[in-house]
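If you're wondering where the values come from, they're calculated on a predicted model, not measured in any experiment.
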Amino acid sequence: MRRNVELNELKNVVLVNKALWDVDGVRLKLMDRGTASAVGEGDVEVDTVTVDSLGRFDVVKMDIEGAEGRVVGGEWLGHVREIGVELHGRDNIDAVLTARGFSVRFIGRRDLLLNTARNILAHPLGFLKAELRTHIAIDTLRGKYSVPALESDEVKIVYARRKV
């Protein structure tokens with residue numbers, strides 16, 4: 001994550017080296033799987049933190065490797081205007097969000113490709129600058145990098161916006 005913040009020259013990001021959970025201060029063991037981790041009998045230990053203890057947010061993006069069911073639904077959700085969650089489990093996150101007053105939409109492969117194309121066209125210099133640093137597009141085209149959300153047609157991302 002630190003590398004992404006540095007590569008994209010983000011100035012309004014605070015990194016918290018803890019795992020999001022439904023309880024603060026629990027010590028979890030994680031299995032390190034490179035770009036993805038999972039709770040289990042691994043070598044990495046990390047303390048947990050709740051979203052409520054981090055503050056208030058208008059927009060939330062989560063990729064928390066299967067802990068969605070434990071985290072989505074807390075009091076913090078009452079302050080959120082928009083949320084995007086990459087799904088890893090079978091929890092009914094869409095039902096939780098709908099019950100809390102959100103309009104829910106699943107993001108599929110086609111949506112991701114269209115949004116990527118729109119962003120490249122809208123910000124060509126920014127795209128080129130990022131690509132020169134990361135080589136993700138070139139590596140993807142060469143088959144050296146795969147985008148997990150594009151690997152199958154199964155819906156893995158839910159986007160929700162609070163109903164007005």
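Under a 4.0 Å N-O distance rule, the pair Arg105/Asp111 qualifies as a salt bridge. Under the 4.0 Å criterion applied to side-chain N and carboxylate O atoms, Lys18 and Asp47 are not assigned as salt-bridge partners. Note on Lys156 versus Glu86: no salt bridge recorded, every NZ/NE/NH1/NH2 to OD/OE distance being 4.0 Å or above. Salt bridge status for Arg70 with Asp22: present, with a side-chain N to carboxylate O gap under 4.0 Å. Ion pairing of Arg133 with Glu6 is absent here, as no side-chain N (NZ or NE/NH1/NH2) approaches a carboxylate O to less than 4.0 Å.
Side chain of Glu82 to main chain of Ala160: no donor-acceptor pair is present (N/O by atom type, distance under 3.5 Å, no hydrogens or angles). Put simply, the side chain of Arg100 gets close to the backbone of Gly74: a donor and an acceptor are under 3.5 Å apart. Between the side chain of Glu68 and the backbone N or O of Gly66, at least one donor-acceptor pair lies under 3.5 Å. Under the 3.5 Å distance criterion, the side-chain polar atoms of Thr48 are matched with a main-chain donor or acceptor of Val23. The closest donor-acceptor contact from the side chain of Arg161 to the backbone of Arg81 lies at 3.5 Å or more, if one exists at all.
At a threshold of 4.5 Å between side-chain heavy atoms, the hydrophobic network of Ile, Leu, Val, Met, Phe, Trp and Tyr places Leu112 and Phe127 in two separate groups. Linking ILVMFWY residues whenever their side-chain heavy atoms come closer than 4.5 Å, directly or via other members, leaves Leu113 and Ile120 in distinct clusters. Leu28 and Val44 fall within the same hydrophobic cluster, where Ile, Leu, Val, Met, Phe, Trp and Tyr residues are linked whenever their side-chain heavy atoms come under 4.5 Å apart, directly or through other members. At a threshold of 4.5 Å between side-chain heavy atoms, the hydrophobic network of Ile, Leu, Val, Met, Phe, Trp and Tyr places Leu20 and Phe57 in one connected group. Note on Leu121: it does not cluster hydrophobically with Leu114, by side-chain heavy-atom contacts below 4.5 Å among ILVMFWY residues.
Side-chain contact between Leu87 and Ile157: absent, with no pair of heavy atoms (C-beta onward) separated by less than 4.5 Å. Residues Trp21 and Val49 have side chains not in contact (no heavy-atom distance under 4.5 Å, counting atoms from C-beta outward). Under the 4.5 Å side-chain criterion, counting only non-hydrogen atoms from C-beta, Ile138 is not in contact with Ile136. In this structure, the side chains of Val72 and Leu97 come closer than 4.5 Å at one or more pairs of heavy atoms. Put simply, the side chain of Val71 reaches to within 4.5 Å of the side chain of Trp76, judged on heavy atoms. Taking the side chain as every heavy atom from C-beta outward, Tyr159 and Val85 never approach each other to under 4.5 Å. At a threshold of 4.5 Å between non-hydrogen side-chain atoms, the residues Met31 and Glu41 do not count as touching. When side chains are defined from C-beta on, Lys29 does not count as touching Val46, because their heavy atoms never get closer than 4.5 Å.
Heavy atoms of other residues, nucleotides or ligands lying less than 6.0 angstrom from CD of Glu75 number 12 at most. Counting non-hydrogen atoms of neighbouring residues, nucleotides and ligands closer than 6.0 angstrom, the CZ atom of Arg56 reaches no more than 12 such neighbours.
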Kindly determine whether Val60 and Val51 satisfy side chain to side chain contact (heavy atoms under 4.5 Å, CB included), including the steps that lead there.
CA-CA 10 Å; Val60 173; Val51 177; 5.6 Å; no

Intermediate values then yes/no, side chain to side chain contact (heavy atoms under 4.5 Å, CB included), Arg142 and His135:
CA-CA 10 Å; Arg142 289 181 178 161; His135 308 283; over 6 Å; no

Just do the side chain to side chain contact (heavy atoms under 4.5 Å, CB included) check on Val59 and Ile83 with the steps written out, would you?
CA-CA 6 Å; Val59 178; Ile83 183 169; over 6 Å; no

